[in-house]
Amino acid sequence: LHKNHPELPIQEDETAIVVYAARQYQQSSKDVDFIRHLYPRLIAPAGDFMSRFIDDKTSLPHASYDLWEQQFATFTYTVFLTLCGLEAAAEIAESLHKAEDAKRWRDAIKKITAGLKGLRDDNGRYLKCILLTLEGKIEKDSTVDAANFFGAFLYGKADKDALDETVRLIEERLLGSAPIGGVPRYEHDDYFLEDKTKLGNPWMITTLWLARYYISENRQKDALELINWVQERAGDSGMLSEQVDPNTGIGVGVSPLVWSHSTFLETVLKLSD
C-alpha cells in the first residue's frame with residue numbers, strides 16, 4: 001500500500017533493463033533460438049506490461065520505486081529505461097516477424113515520448129521524478145540525482161540540450177562535493193553517511209556514469225580522471241565497493257559490488273573504443 005492505495009511493489013526499470021539486456025545479447029551473439037525461447041515467457045509479457053503501465057493524464061509510466069529502492073514516483077531514469085525496454089522488445093519482435101507486437105510497443109513509445117516534456121523543470125533540465133497523486137495533482141521533485149541524466153543518456157534519443165543542462169547541474173552540485181572527489185548518488189543522500197555535513201558518499205557507478213558521458217562528448221581526459229579515481233579506490237585485492245567515505249575514500253557498503261565492477265569494465269571498454 002502507498003498512502004492506503006494498492007500499488008505494485010516493483011521497480012519498473014528492472015523489468016525494462018532485462019528486455020534491454022536480452023536485445024543486447026541477441027545482437028552480439030546472434031543466438032536467435034534462445035531469444036525465440038524467451039519471447040513468449042519473458043519478452044512479450046514484459047513488453048505488454050510496460051505498454052499498459054502508463055497514466056493517461058501524464059502519458060508517462062505509472063509510479064513505481066526508484067533504482068535506489070527508496071522512493072515511489074515516476075522517475076526520469078525509469079521512464080527512459082522503459083523506453084529502452086520497449087524499443088528492445090519491438091526490435092526483438094521485428095526480428096521474429098511479430099509485427100503486431102512490435103506496432104503495439106512502438107505505439108507505447110510514441111505515447112511516452114509525448115509526455116517527456118512533463119519531466120523537465122522551468123530551466124529545461126530533467127527532474128528527478130513526478131508523482132501523480134490520487135487527487136489528480138502532479139508533484140515535482142527537482143532533487144539533483146546522477147540518475148536524472150543517465151537514463152536519458154542510455155536511451156540515446158533524449159533531448160540533447162536537456163541532457164547537457166542536467167549534466168551541468170550534476171557537475172555543479174555533486175561532482176567534487178566530497179573532499180575525496182567522486183559523485184554521490186544525489187543531494188542529501190544519508191545512506192551509510194557518517195559525516196552529515198556532506199551531501200552524500202561518492203558512489204563508483206555514478207562517478208563512472210559521468211565518465212561515460214564525457215567519453216561521448218570526446219572529453220577523454222576528463223573521463224580518464226574519473227576512471228582513475230575509481231581505480232584508486234579499489235581495495236588491495238582489486239575489489240570495488242559500492243561507495244566510499246567522502247573524507248577518507250575508504251570503501252563503504254557492499255564490497256565487492258558486481259554493479260561497480262561491470263560499470264568499470266563497460267566504461268573502460270567505451271574509452272578504448
Side-chain angles (χ1 to χ4, degrees), residues 1-20 45-90 103-159 161-163 165-167 169-170 173 185-191 206:
L1 295 176
H2 180 76
K3 295 186 177 179
N4 294 320
H5 186 266
E7 296 284 359
L8 292 177
I10 65 165
Q11 296 171 229
E12 190 178 3
D13 63 277
E14 292 187 333
T15 300
I17 207 162
V18 172
V19 180
Y20 177 79
D48 282 341
F49 171 78
M50 290 185 288
S51 67
R52 291 193 309 264
F53 199 62
I54 298 173
D55 290 323
D56 289 333
K57 180 167 182 175
T58 63
S59 293
L60 296 172
H62 185 66
S64 65
Y65 288 91
D66 67 334
L67 78 162
W68 309 130
E69 304 172 350
Q70 294 178 320
Q71 191 175 344
F72 182 83
T74 295
F75 296 88
T76 293
Y77 177 87
T78 303
V79 171
F80 279 108
L81 262 289
T82 300
L83 287 170
C84 282
L86 284 166
E87 187 86 42
K103 182 182 183 305
R104 187 164 63 254
W105 301 331
R106 291 201 182 279
D107 286 345
I109 290 172
K110 291 177 183 177
K111 182 174 183 177
I112 294 172
T113 301
L116 289 177
K117 58 184 178 295
L119 291 172
R120 291 163 67 173
D121 66 14
D122 294 338
N123 295 308
R125 297 176 293 232
Y126 288 118
L127 298 161
K128 177 168 184 169
C129 60
I130 65 169
L131 179 63
L132 178 62
T133 69
L134 296 177
E135 296 76 30
K137 297 179 180 179
I138 296 177
E139 299 175 352
K140 297 183 178 182
D141 184 343
S142 59
T143 300
V144 180
D145 187 321
N148 295 1
F149 97 88
F150 191 68
F153 173 77
L154 190 64
Y155 183 56
K157 300 178 184 179
D159 183 274
D161 290 339
L163 179 63
E165 287 302 315
T166 305
V167 171
L169 191 61
I170 288 166
R173 300 272 188 88
R185 292 190 298 180
Y186 55 84
E187 295 177 298
H188 310 298
D189 177 12
D190 62 0
Y191 182 58
T206 51

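Owing to the predicted nature of the structure, the values given are computational and were not obtained by experimental measurement.
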Please give me the minimum heavy-atom distance between [X] and [Y], naming the atom from each residue.
X    : Y    : answer
V19  : A89  : CG1-N, 3.7 Å
M50  : T15  : CG-CG2, 4.3 Å
A162 : G124 : CB-O, 3.2 Å
L86  : I112 : CD1-CD1, 3.8 Å
P61  : V79  : CD-CG2, 3.8 Å
F49  : I10  : CZ-CD1, 3.8 Å

Report yes or no: does [X] contribute a side-chain atom to a donor-acceptor pair with the main-chain N or O of [Y] at less than 3.5 Å?
X    : Y    : answer
S51  : A108 : no
D55  : K57  : no
D159 : K117 : no

- request: Could you walk me through whether L163 and F153 pass the side chain to side chain contact (heavy atoms under 4.5 Å, CB included) test, one step at a time?
  value: CA-CA 7 Å; L163 179 63; F153 173 77; 4.1 Å; yes
- request: Please indicate whether N123 has more than 12 foreign heavy atoms, meaning atoms of other residues, nucleotides or ligands, lying under 6.0 Å from its CG.
  value: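 Atom CG in N123 is crowded, with more than 12 foreign heavy atoms closer than 6.0 Å.
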Rounded at 0.5 Å granularity, tell me how far [atom1] in [X] sits from [atom2] in [Y].
X    : Y    : atom1 : atom2 : answer
E14  : T78  : CD    : OG1   : 9.5 Å
L154 : F149 : CG    : CZ    : 10.0 Å
S142 : E187 : OG    : CD    : 8.0 Å
L67  : D13  : CG    : CG    : 5.5 Å

query: Which residues pass the ring pair (Phe, Tyr, Trp, His ring centres under 6.0 Å) test with F72, sequence neighbours left out?
result: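 Ring pair (Phe, Tyr, Trp, His ring centres under 6.0 Å) list for F72, sorted by chain: H2, Y65.
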message: Could you check whether K111 pairs with D56 (Lys NZ or Arg NE/NH1/NH2 to Asp/Glu carboxylate O, under 4.0 Å)?
response: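 Yes, this pair counts.
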Minimum side-chain heavy-atom gap [X]-[Y] below 4.5 Å:
X    : Y    : value
I109 : E87  : yes
N148 : Y77  : no
I54  : L60  : no
D107 : K103 : yes
T74  : T58  : no
S64  : L8   : no
T82  : F75  : no
I170 : T166 : yes

- request: Assess the pair F80 and F150: is the distance between their ring centroids shorter than 6.0 Å?
  value: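 Not under 6.0 Å, so no.
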query: Does the side chain of H62 come under 3.5 Å of the side chain of E12 through a donor N or O and an acceptor N or O?
result: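 Side chains of H62 and E12: no pair found under 3.5 Å.
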field: Residue pairs passing the salt bridge (Lys or Arg N to Asp or Glu O under 4.0 Å) test where at least one lies in residues 129-148, sequence neighbours excluded
entry: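 Those involving residues 129-148 are K128-D145.
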Member of R173, Q71, Q70 meeting the side-chain hydrogen bond (donor to acceptor under 3.5 Å, both in side chains) criterion with Y186: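 Filter result, single survivor: Q70.
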message: Taking side-chain hydrogen bond (donor to acceptor under 3.5 Å, both in side chains) as the definition, give me every residue that meets it alongside D48, ordered by chain and number, with sequence neighbours left out.
response: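 Here the qualifying residues are R104, W105.
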